Amino acid sequence: MPSEIRVTLPDGSEKRVPAGSTGADLAKAIGPGLAKAAIAVRVNGDVRDLARPLSDGAKVSILTDKDPQALDVLRHSAAHVLATAVRQLFPRAQIGFGPPIEDGFYYDFQVERPFGPEDLEAIEQRMQEVVKADYPFVREEVSRADAKQRFKDDPLKLERIDDLGPDEVISVYTDGPFVDLCRGPHVPSTGRIKHFKLLHGAGAYWRGDERRQMLQRIYGTAWFTKDDLEAYLRRLEEARRRDHRVLGKQLDLFSIQEEVGPGLILWHPKGAMVQFQLRRFIEDAILERGYSLVYTPNVTREELFLRSGHLPLYAANQFPAMGAGEGEAENVRYRVKPMNCPMHILIYASQQRSYRDLPVRLGEIANVYRNERSGTLHGMLRVRGLTMDDAHIFLREDQIEQEIFQLLDIVELVLGKTFGLAYRLDLATRPEKKLGSDATWDVAERALEQALKHRGVTYRLDQGGGAFYGPKIDIKFNDAIGREWQGATIQLDFEQPERFKLEYTGEDNKPHRPVMIHRAIYGTLERFVGFLIEHFAGAFPLWLAPEQVRVLPISDAQAPAARALHERLRAAGIRSHLDERNETLNYRIRDGELQKVPYMAVVGQREADAGSAAVRGRGEGKKQVVLPVAEFVAKLQEEVRTRSLTPLV
RNA sequence: GCUGACGUAGCUCAACUGGUAGAGCAGCUGAUUUGUAAUCAGCAGGUUAAGGGUUCGAGUCCCUUCGUCAGCUCCA
């Protein structure tokens, strides 16, 4: 065995260290500062403990708190500290998994009694003690038999051991009194975990399977610095401030009321105006692109959904059937529609179609109802009454790619150009519960994949994420605080045309079967508006703002001039509101700001005399622009027409 | 659906271990006529989510139902 080994550092230089040197030794050899800052070491791409020996010829880099991967290590170790504390306080707790996650970590426990808020406080206290004790994380490799012996009282761990492949190295980590089956890596000792906080407890199914027992999960967050931790907690705070459920109430956009039912939105006038503008925008956009608008009923005979294949595959998400009432045949039952496709299909099938007619594009902004499980509902973002900007496109197989290009163009127009959102594409493939043959799925999946490839866009693969009738391209976007949402979706369907025996007459004068695309651009108006509320923190761009201008006379003496301005704005198509309440100007300005009105036009004696308006932009404070009314109107119209995201006045 | 926490005036929140439901804002009335983020005063507003139970007495304790929130699972 050679007495020295050589390793390559990130800058390409080589370093000789004694054989058997560890990552920690290497860090020390490079410099004392690095040794102190070192968290873990990356060896040929794998992150490992500092205490593990390096191998000859390896490419290594020492990870410090600057490295995002080091954060995962820290959080993973924090999860162990959490488990250490829980085991001390609840010796009979069985341990499940405890991985790092985005922004933090969690650990699952099987306990006799769920954790309450007081428990979390006590656990966090105990964690501080574990940190203070500065137990080193010690790694050992053990045999399967040894591992089973060590975890003989932890059935969850035993199950995990049984799942490990025969060739997998089984390692255990010890920090002070706590031993865990774990792949690692970890920080050198518990003392490195200084800035953390437990956030909340919740139930979580063992191994994510709802048929299995529910464990108690504790979530926490951990950071390298106090500042990072505080910044993160502020970010959570900010998220709450932007919460569409809170803003929806404050801005009087919508409500959800127990008397109506969960997941059912009452759109108040202001929220309805936002929806109305979005509808106009998308309807104009698709009419320009060869779509036809259709309207279809909210209930249909149950047999239709049997034929489409929704029943029984989708039945769990549909509201139960209703009878037709007295005097009609007892066996005629109706269903509220969860999707529009069967009815659009019947419109397609209502006449003979020529290959020259294709693609036939039928669009409908329609309400559909899905019986979502109660626990999944969330404000406007997950509801039971959905307003989809739906469309079904019937086309020839050779038209798929071009059509998908057009759809991606519309997506870019709406999400990218109009709202400035960065979005991502997912290719979602066949799920477990599906209709149709694998051969058909092969064709459909390949068609979408080809379209994406030829378009030259990057996308992720979402294995098993498809709809039951076909694969889809899902468009996901992030909101202002980094959360991800799915809006638009483009779904390819060979199955329903088959079930409904759809046809068109080809050039060869023979019948052919068309393909179908289901698509939505906003997804649903509920989710999209909910998202926009959070994205803009309620401060909608002018074209969407329910109230665009608020006109404020300074005192009664200017009321006629203010009213004239208000009327003029209205005549110019601007949504103006006249606030001549008997309140101070300060009070009314504050109210306008809190209501996030884009512009307030103050009319004092000077403005009344000059035919001008003193315009205050939303959030601009005392900064005001005095300009002639005609110019103000023109600028507003321009800002609306261009759907500008930034104010023009 | 599952686990846990929770539900008090239109909104935000008080009410010690069971002992007369209270405040700010919003609303209404009046005064005030305001130059860029809260003028002053008065008034009104509640079967404490609903139903049942324990108790001399329940917002508070117990049960059921409904709903909300955080997750899990599922999804636009």
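The model shown is predicted, which means the values in this text are computed figures rather than measured ones. Naming: A, B, ... by sequence-line order, numbering from 1 per chain.
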Determine the contact category for A:Asp556: base if any of its heavy atoms lies under 4.0 Å from a base atom, sugar-phosphate if only primed atoms, P, OP1 or OP2 are that close, otherwise nothing. base
Partners of A:Phe477 by ring-ring contact (aromatic ring centres under 6.0 Å, His included), sequence neighbours excluded? A:Phe531
Contact list for RNA chain B against residues 598-611 of chain A - heavy-atom distance below 4.0 Å: A:Val602, A:Gly604, A:Gln605, A:Arg606, A:Glu607
The ring-ring contact (aromatic ring centres under 6.0 Å, His included) partners of A:His200 (sequence neighbours excluded) come to A:Tyr219
Between A:Asp426 and A:Arg424, does any NZ, NE, NH1 or NH2 come within less than 4.0 Å of an OD or OE carboxylate oxygen? yes
Looking only at side-chain N and O atoms, does A:His518 offer a donor or acceptor that is under 3.5 Å from a partner on A:Asp493? yes
Would you indicate, yes or no, if B:G35 has its OP1 or OP2 atom less than 4.0 angstrom from a side-chain nitrogen or oxygen of A:Lys622? no
Categorize A:Lys249 for me: base, sugar-phosphate, or nothing, with a 4.0 angstrom heavy-atom threshold over every strand shown. sugar-phosphate
So if I define the base as every atom that isn't primed, P, OP1 or OP2, how would nucleotides 70-76 of chain B read as a B/S/- string at a heavy-atom cutoff under 4.0 Å? SBBBBBB
If you write RNA chain B from 5' to 3' in dot-bracket form, with Watson-Crick or G-U pairs under 3.5 Å, [ ] for crossing pairs and | for pairs with another strand, what do you get? (((((((..((((.....[..)))).(((((.......))))).....(((((..]....))))))))))))....
Can you list the residues that meet the salt bridge (Lys or Arg N to Asp or Glu O under 4.0 Å) rule with A:Glu412, with sequence neighbours excluded? none
Going by number, which of residues 269-278 of chain A have a non-hydrogen atom under 4.0 Å from RNA chain B? none
What distance, rounded to whole Å, do you find between the two C1' atoms, one in B:C56 and one in B:G18? 12 Å
On a heavy-atom basis, which atom in A:Tyr423 and which in A:Leu408 lie closest, and how many Å separate them? OH-O, 4.5 Å
Using nucleotides 24-27 of chain B, report all nitrogen or oxygen pairs with the protein that are shorter than 3.5 Å.
unit_1	atom_1	unit_2	atom_2	d
B:A26	OP1	A:Tyr587	OH	2.7

Pairing residues for A:Arg280 by the salt bridge (Lys or Arg N to Asp or Glu O under 4.0 Å) criterion, not counting sequence neighbours: none
Just by distance, no angles: are the side chains of A:His310 and A:Gln318 close enough, under 3.5 Å, to form a donor-acceptor pair? no
Does the Lys NZ or Arg CZ of A:Arg335 fall within the cation-pi geometry relative to A:Phe305 - under 6.0 Å from the ring centre and within 45° of the axis? no
Pick one: which of A:Phe281, A:Tyr522, A:Phe528 meets ring-ring contact (aromatic ring centres under 6.0 Å, His included) with A:Phe419? A:Phe528
Any residue meeting salt bridge (Lys or Arg N to Asp or Glu O under 4.0 Å) with A:Arg527, in chain and number order, not counting sequence neighbours: none
What is the separation between atom CZ on A:Arg211 and atom C1' on B:U3, rounded to the nearest whole Å? 19 Å
With a 6.0 Å cut-off on ring centres, are A:Tyr107 and A:Phe109 close enough? yes
I need the full list of ring-ring contact (aromatic ring centres under 6.0 Å, His included) pairs touching residues 577-617 of chain A, with sequence neighbours left out, sorted by first then second residue. none
Excluding sequence neighbours, so at least two apart, what forms salt bridge (Lys or Arg N to Asp or Glu O under 4.0 Å) with A:Asp252? none
